[in-house]
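Report on the structure given below.
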Amino acid sequence: MIPNDVVNCVRDIYESNDFISLHEPTFGSTEEEYVLNTVRSTFVSSVGQYVEQFEQGVADYVKHNNAVAVVNGTAALHAALHYIGVGFGDLVITQAFTFVATCNAIKQLGAEPVFVDINHESLSLCPQALANFLEEQCQLSEQGICVHKASGKAIKAMVPMHTFGHPAKMDEIQTISQKWGIKVVEDAAESLGSLYNGKHTGTLGDHGIISFNGNKIITCGAGGIILSKHLAAANAIKHLTTTAKKPHSWEFEHDQVAFNYRMPNLNAALGCAQLEKLSHIVEQKRALAKFYHRFFSDSEYQFVCEPKYAQSNYWLNALVCQSEKHRNELLEFTNSKQVMTRPAWRLMHTLPMYSECIRGDLSTSVFYQSRIVNIPSSYNYKLKVI
Ligand SMILES: *Cc1c(COP(=O)(O)O)cnc(C)c1O
């Protein structure tokens, strides 16, 4: 198979000779109606019926009670990590193979990310690599705090990220986190609709966050949700993300230094309309992945499939090329033909601001970073793929 076969395959799927993007949203009359309602009502900001409706809608979809809506996924991570006590001088374990927002949220709290490898099955945090890192480099203090021996810093949290929608091995990760007394915040920014052993990603850790940026599976324009195991935590996070204002009919009483992170009604309106189609979108995306999987079987391009224990939302479909050169040939050719493809993110420890971070062995991350190509994955394709 040559790069031109990939171009032709994608053009057949989308039945288009124009530019084909990697991932784009589709809006209909419901989106228009709900957004227009907010404009007509003047409730475009953080007070309005759609914000609570959106929180409830997401909570119902993921079968989880406690959802707090915020301005974006990065803010969701920032607030959740702040709530669990991550602060200056702490360490937070995550992947080098992630979008930069994961690390920015950690760093903005004055903490430092620590990079652990991913595994082949999920391209997400590897439990074995996690256990090895902790056994070799950390110890539990008398107070039950996990301390990184060489730096003397506390590991306050871990943030597994469900890469391209493929769930990490959460049972194993949870077992390790409990053994070491480390809280888990799932970065489920990309994986709304993905199931791990039948349960929604984002509901498995102490907290989980979802992004509703324009490139995600559904969008609010910009938006995020924090899911929390316990109602008290969700209430505290809502307080923290709404300037810590105590409820009162006219008095301005604030009791903490807090964030102004509440999702505006305008964004929530778009999200509510999108949420109505989410089940359909997940079905369409899974059907597209199945088609790609068949198309690329027995080719030089290995299609990235969901792990056995999971049902993925296949947010972004991915191919593994045979080498970096092979990858670059595919990227060059497809983009020159107006079919958008992208490599995986640069590994976080190769970015200047994270180059000094503590890290374990990252050979699997390096392997995939140099070989992966994401291919068009929008659900609005024309071909009857099933
Ligand atoms: C999109 C994304 C985020 C950030 O979400 P925003 O809503 O864009 O702030 C965080 N982590 C990962 C892995 C993402 O893909």
Side-chain angles (χ1 to χ4, degrees), residues 21-25 54-55 58 67-82 86 92-109 113 115-116 118 122-125 157-168 170 173 184-194 201-202 204-205 207-227 241 259-264 266-268 270-271 274-275 285 304 312-318 342-348 351 354 365 368-369 372 374 377-378:
S21 67
L22 200 60
H23 201 283
E24 63 188 34
F54 185 65
E55 287 176 330
V58 173
V68 175
V70 293
V71 287
N72 59 53
T74 314
L77 270 173
H78 191 210
L81 290 168
H82 180 87
V86 173
V92 176
I93 295 177
T94 190
Q95 302 158 207
F97 194 87
T98 186
F99 178 56
V100 70
T102 317
C103 297
N104 289 343
I106 295 166
K107 189 82 176 178
Q108 282 157 8
L109 288 162
F115 301 121
V116 165
I118 56 171
S122 65
L123 304 181
S124 305
L125 194 68
M158 57 176 84
V159 185
M161 194 280 279
H162 306 296
T163 305
F164 308 144
H166 301 306
M170 286 306 295
I173 290 171
V184 177
V185 177
E186 294 174 76
D187 184 342
E190 308 177 352
S191 62
L192 177 60
S194 295
T201 56
L204 303 153
H207 303 273
I209 72 95
I210 301 168
S211 166
F212 300 94
N213 190 34
N215 65 344
K216 297 302 199 290
I217 184 157
I218 62 166
T219 184
C220 297
I225 281 271
I226 303 158
L227 299 169
T241 52
F259 303 113
N260 179 20
Y261 277 174
R262 187 87 177 140
M263 178 186 281
L266 197 53
N267 298 85
L270 191 65
Q274 289 266 283
L275 207 47
K285 288 179 71 74
V304 175
S312 176
N313 70 356
Y314 282 99
W315 170 57
L316 276 190
N317 291 297
R342 283 288 182 267
W345 315 278
R346 291 272 303 275
L347 296 178
M348 290 299 115
L351 302 179
Y354 300 117
S365 305
Y368 284 105
Q369 198 284 330
I372 275 193
N374 287 120
S377 303
S378 307

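As the structure lists them, so they are numbered: ligands from 1, and atoms in each ligand from 1.
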### Query
Counting from 1, what ligand 1 atoms have a heavy atom of N213 closer than 4.0 Å?
7 (O), 8 (O)
### Atom of H23, atom of K216 and distance for their closest heavy-atom approach
CE1-O, 3.4 Å
### Polar contact flag for G73 and ligand 1 (N/O pairs, less than 3.5 Å)
yes
### Query
Taking only heavy atoms of A101, which atoms of ligand 1 are found under 4.0 Å from at least one of them?
3 (C), 4 (C), 10 (C)
### Summary
side chain to side chain contact (heavy atoms under 4.5 Å, CB included) test vs Y261 passes for just one of V71, T74, N72, namely V71
### Task
Report the nearest protein non-hydrogen atom to atom 1 (C) of ligand 1: residue, atom name, distance rounded to 0.1 Å.
K216 NZ, 1.7 Å
### Query
In ligand 1, which numbered atoms sit nearer than 4.0 Å to a non-hydrogen atom of T102?
11 (N)
### Message
For T201, run the side chain to side chain contact (heavy atoms under 4.5 Å, CB included) check against H162, E190, M170 and tell me which one passes.
### Response
H162
### Query
For atom 15 (O) of ligand 1, what is the nearest protein heavy atom, given as residue, atom name and distance?
E190 OE2, 2.6 Å
### Message
Nearest 0.5 Å, please: how far is CE in M161 from OG1 in T98?
### Response
3.5 Å
### Message
Show, in sequence, the C-alpha distance, side-chain angles and deciding distance for E55 and R262, and conclude whether the salt bridge (charged side-chain N to carboxylate O under 4.0 Å, His left out) test is met.
### Response
CA-CA 11 Å; E55 287 176 330; R262 187 87 177 140; 2.7 Å; yes
### Task
Please determine if T98 has a nitrogen or oxygen closer than 3.5 Å to a nitrogen or oxygen of ligand 1.
no
### Message
Counting only heavy atoms closer than 4.0 Å, does ligand 1 sit against the backbone of D187, its side chain, both, or neither?
### Response
side chain
### Element-labelled atoms of ligand 1 that are located less than 4.0 Å from some non-hydrogen atom of A189
2 (C), 3 (C), 10 (C), 11 (N), 12 (C), 14 (C)
### Query
Which of parallel (below 30°), tilted (30 to 60°) and perpendicular (above 60°) describes W345 and F99?
tilted
### Query
Of F212, Y314, W315, which is the lone residue that meets side chain to side chain contact (heavy atoms under 4.5 Å, CB included) with I217?
W315
### Task
Hey, can you tell me if H166 and F164 have their rings parallel, tilted or perpendicular (30° and 60° cut-offs)?
perpendicular
### Query
Should you measure from each heavy atom of T74, which atoms of ligand 1 turn up under 4.0 Å away?
4 (C), 5 (O), 6 (P), 9 (O)
#### Entry: Those atoms of ligand 1 less than 4.0 Å from some heavy atom in M161
13 (C)
### Query
Should S211 be counted as touching ligand 1, given the test is an N or O pair under 3.5 Å?
yes
